[in-house]
Protein chains: 2
Amino acid sequence: MAKIKSGNNSTKKETVIEQAAFLFKTKGYPAASMRELAIALGVEAPSLYNYIGSKSELLQTICFNVASEFSVNLGRVENSLEATIAKVESIIRFHIQTMLSRFNEVYVANHEWKHLEEPYFSEFLHFRRDYEKRLVILIEAGIEKKEIKNLHPYVTVLTILSAVRGLEFWHGHKKNVTAQELENDMVNHLLHGIVK
Amino acid sequence: MAKIKSGNNSTKKETVIEQAAFLFKTKGYPAASMRELAIALGVEAPSLYNYIGSKSELLQTICFNVASEFSVNLGRVENSLEATIAKVESIIRFHIQTMLSRFNEVYVANHEWKHLEEPYFSEFLHFRRDYEKRLVILIEAGIEKKEIKNLHPYVTVLTILSAVRGLEFWHGHKKNVTAQELENDMVNHLLHGIVK
DNA sequence: TTACAAAACTAACGCATATTAGTTTTTAAG
DNA sequence: CTTAAAAACTAATATGCGTTAGTTTTGTAA
């Protein structure tokens with residue numbers, strides 16, 4: 001009856017994925033049903049299978065799309081000629097901006113990936129570990145060059161990644177802070193601390 | 001047939017709750033089944049109902065137990081006579097220690113509370129907002145007394161809470177960092193930054 | 001040993017799930 | 001207008017869920 005509407009710049013499949021990201025974020029992957037997704041798209045559940053292979057395929061697509069974006073950005077930064085501390089700042093800003101602009105998908109990639117099926121689960125886990133490792137190497141280089149304090153590099157990476165991830169709590173809270181202020185204050189905090 | 005074994009210092013109900021926390025953390029609340037919980041306790045699923053009222057009651061118990069602990073601690077700190085920055089440090093250390101010592105329950109309270117049913121969902125949400133608000137007030141007092149940098153207080157609170165929460169990723173990673181080093185380095189990072 | 005309660009069991013209910021099969025409607029091109 | 005493919009539908013299947021009812025076993029105290 002009703003057809004799935006898609007914006008001009010996106011295929012119908014992409015529309016389904018976007019809506020799925022919203023739903024997976026809101027209810028969690030296991031609790032989100034295909035019927036509910038179908039209703040949100042104005043369609044019966046079986047019709048979705050004209051566009052997608054399965055529910056789990058939706059999760060896979062979302063998670064690996066996000067992973068790819070972060071990986072590509074990190075590659076760019078690694079190959080740049082900036083000082084280490086500038087690289088770190090650049091990565092933090094990318095995380096914040098991506099978190100804010102592609103909220104649903106990033107949230108799902110952060111929280112629901114544990115529901116991936118094998119072999120995707122292992123692959124994603126490996127990606128995460130690899131990404132962390134690359135950041136640790138970056139921090140170690142900064143310590144070596146005496147740009148960065150000699151804290152345990154993995155703890156530093158963990159603190160940064162976690163802080164940035166926490167923006168999901170800001171989303172929706174309409175505090176009187178602009179995205180730019182938020183980004184600057186968080187970068188400032190993570191690089192220079194809060195003690196005067 | 002088999003009976004639920006409980007350590008000497010805990011009732012059987014507490015044993016069920018502990019195992020439920022582990023399961024809810026591992027699979028997520030919606031995907032965790034009572035049958036699976038029962039198997040982990042060496043029992044058939046209906047037997048669980050001799051100890052508990054329902055699956056959702058388990059989630060409620062876990063979430064509000066954790067909430068209560070954090071609230072009590074914050075109350076203690078608020079009423080102490082330390083400098084603001086020492087209060088903030090104390091709170092950070094409490095979060096880290098509690099996260100590490102009661103990992104499963106804290107994880108569930110952090111991630112699965114959105115599956116609480118009304119009115120518990122709203123109550124928990126209110127608690128969270130209240131807790132954040134009390135921290136914001138603390139930070140504002142520190143800014144007032146010029147102990148703390150004048151960043152947006154909510155962003156500061158968000159950064160701290162999120163960073164600390166991220167310890168869930170450390171758990172299981174057996175890096176060569178002791179809990180004490182981890183705690184000290186993270187406190188150092190959050191208070192003084194990483195830039196030399 | 002008897003009696004009672006605690007705690008386990010088996011069987012089953014009602015419901016929701018993802019997905020498939022088969023069919024009909026809609027859309028667009030020749 | 002015809003035709004063929006795309007996209008929707010209805011109906012149904014198998015599976016798993018939380019939970020209840022009713023019964024049997026186990027443990028404990030009189």
Side-chain angles (χ1 to χ4, degrees), chain A residues 1-8 10-24 26-63 108 112 114-118 120-121, chain B residues 1-8 10-24 26-63 108 112 114-118 120-121:
Chain A
M1 206 157 283
K3 289 194 72 176
I4 294 180
K5 289 178 189 171
S6 55
N8 288 337
S10 57
T11 69
K12 293 164 193 172
K13 179 164 187 175
E14 282 164 350
T15 307
V16 175
I17 292 169
E18 281 169 32
Q19 192 60 236
F22 173 80
L23 198 61
F24 292 171
T26 308
K27 318 259 291 190
Y29 175 78
S33 80
M34 296 302 276
R35 283 169 174 79
E36 208 172 353
L37 174 59
I39 287 173
L41 292 163
V43 118
E44 295 294 322
S47 304
L48 297 173
Y49 291 82
N50 288 319
Y51 303 105
I52 63 161
S54 66
K55 184 186 180 187
S56 63
E57 184 200 275
L58 283 171
L59 183 61
Q60 290 155 27
T61 304
I62 293 166
C63 290
V108 169
E112 305 298 324
K114 68 176 158 186
H115 297 111
L116 286 167
E117 295 167 4
E118 293 291 359
Y120 304 101
F121 177 88
Chain B
M1 203 157 282
K3 290 194 71 176
I4 294 180
K5 289 178 189 172
S6 55
N8 289 335
S10 57
T11 69
K12 293 164 193 174
K13 178 164 186 173
E14 283 165 348
T15 308
V16 174
I17 292 170
E18 281 170 30
Q19 192 61 235
F22 173 79
L23 199 62
F24 292 171
T26 308
K27 317 258 295 189
Y29 176 78
S33 80
M34 295 303 277
R35 284 169 174 81
E36 205 173 356
L37 175 58
I39 286 173
L41 292 163
V43 120
E44 294 294 322
S47 303
L48 297 173
Y49 290 81
N50 288 319
Y51 303 104
I52 64 161
S54 66
K55 185 187 179 187
S56 64
E57 183 199 275
L58 283 171
L59 183 61
Q60 290 154 28
T61 303
I62 294 166
C63 289
V108 169
E112 305 297 323
K114 69 174 158 187
H115 297 110
L116 286 167
E117 294 167 4
E118 293 293 357
Y120 303 101
F121 178 88

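Chain A is the first sequence line, chain B the second, and so forth, proteins listed ahead of strands; every chain is numbered from 1.
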Out of C:dT10, D:dA7, D:dG18, which has the shortest distance to the side chain of B:P46?
C:dT10

Starting at atom CG of A:L37, determine the distance to atom P of D:dA8, rounded to an integer number of angstrom.
13 Å

Heavy-atom check, side chain of B:K13 versus side chain of B:I17, under 4.5 Å
yes

Closest nucleotide among D:dT19, C:dA8, D:dC9 to the B:Y51 side chain:
C:dA8

D:dG18, C:dA18, D:dA7: which one has an atom nearest the side-chain heavy atoms of A:K12?
D:dA7

Rounded to whole angstroms, how far apart are CG on A:L48 and P on C:dT19?
10 Å

A:M34 side chain near A:P46 side chain, heavy-atom distance below 4.5 Å
no

Can you measure from CG (B:L59) to CZ (B:F121) and round to the nearest 0.5 angstrom?
11.5 Å

Among the candidates D:dG18, C:dT19, C:dT10, find the nucleotide nearest to the side-chain atoms of A:M34.
C:dT19

From the options C:dT17, D:dC9, C:dT19, select the nucleotide whose nearest atom is closest to the side chain of A:E44.
D:dC9

Starting at CD1 of B:I39 and ending at P of D:dG18, how long is that distance when rounded to a whole Å?
12 Å

Would you compute the distance between atom OH of A:Y51 and atom CG of A:L58 and round it to the nearest 0.5 angstrom?
13.5 Å

Closest to side chain of A:S47, choosing from C:dA18, C:dC9, D:dC9
D:dC9

Could you give the NZ-to-C1' distance, from B:K13 to C:dA7, as a whole number of Å?
15 Å

Length of the CD-P vector between B:E57 and D:dG18, whole Å:
15 Å

Rounded to whole angstrom units, what separation is found between the OH atom of A:Y49 and the P atom of D:dC9?
14 Å

Whether the side chain of A:N50 and the base of D:dA6 hold a donor-acceptor pair under 3.5 Å is what I'd like checked.
no

Pair of N/O donor and acceptor under 3.5 Å linking C:dA16 base with A:R35 side chain:
no

Regarding B:A32, tell me which of base, sugar-phosphate or nothing describes its non-hydrogen contacts under 4.0 Å with the strands shown.
sugar-phosphate

Has the side chain of B:Y29 got a donor or acceptor atom that lies under 3.5 Å from a matching backbone atom of B:S56?
yes

Please report the distance, rounded to the nearest Å, between NZ in B:K55 and P in D:dG16.
15 Å

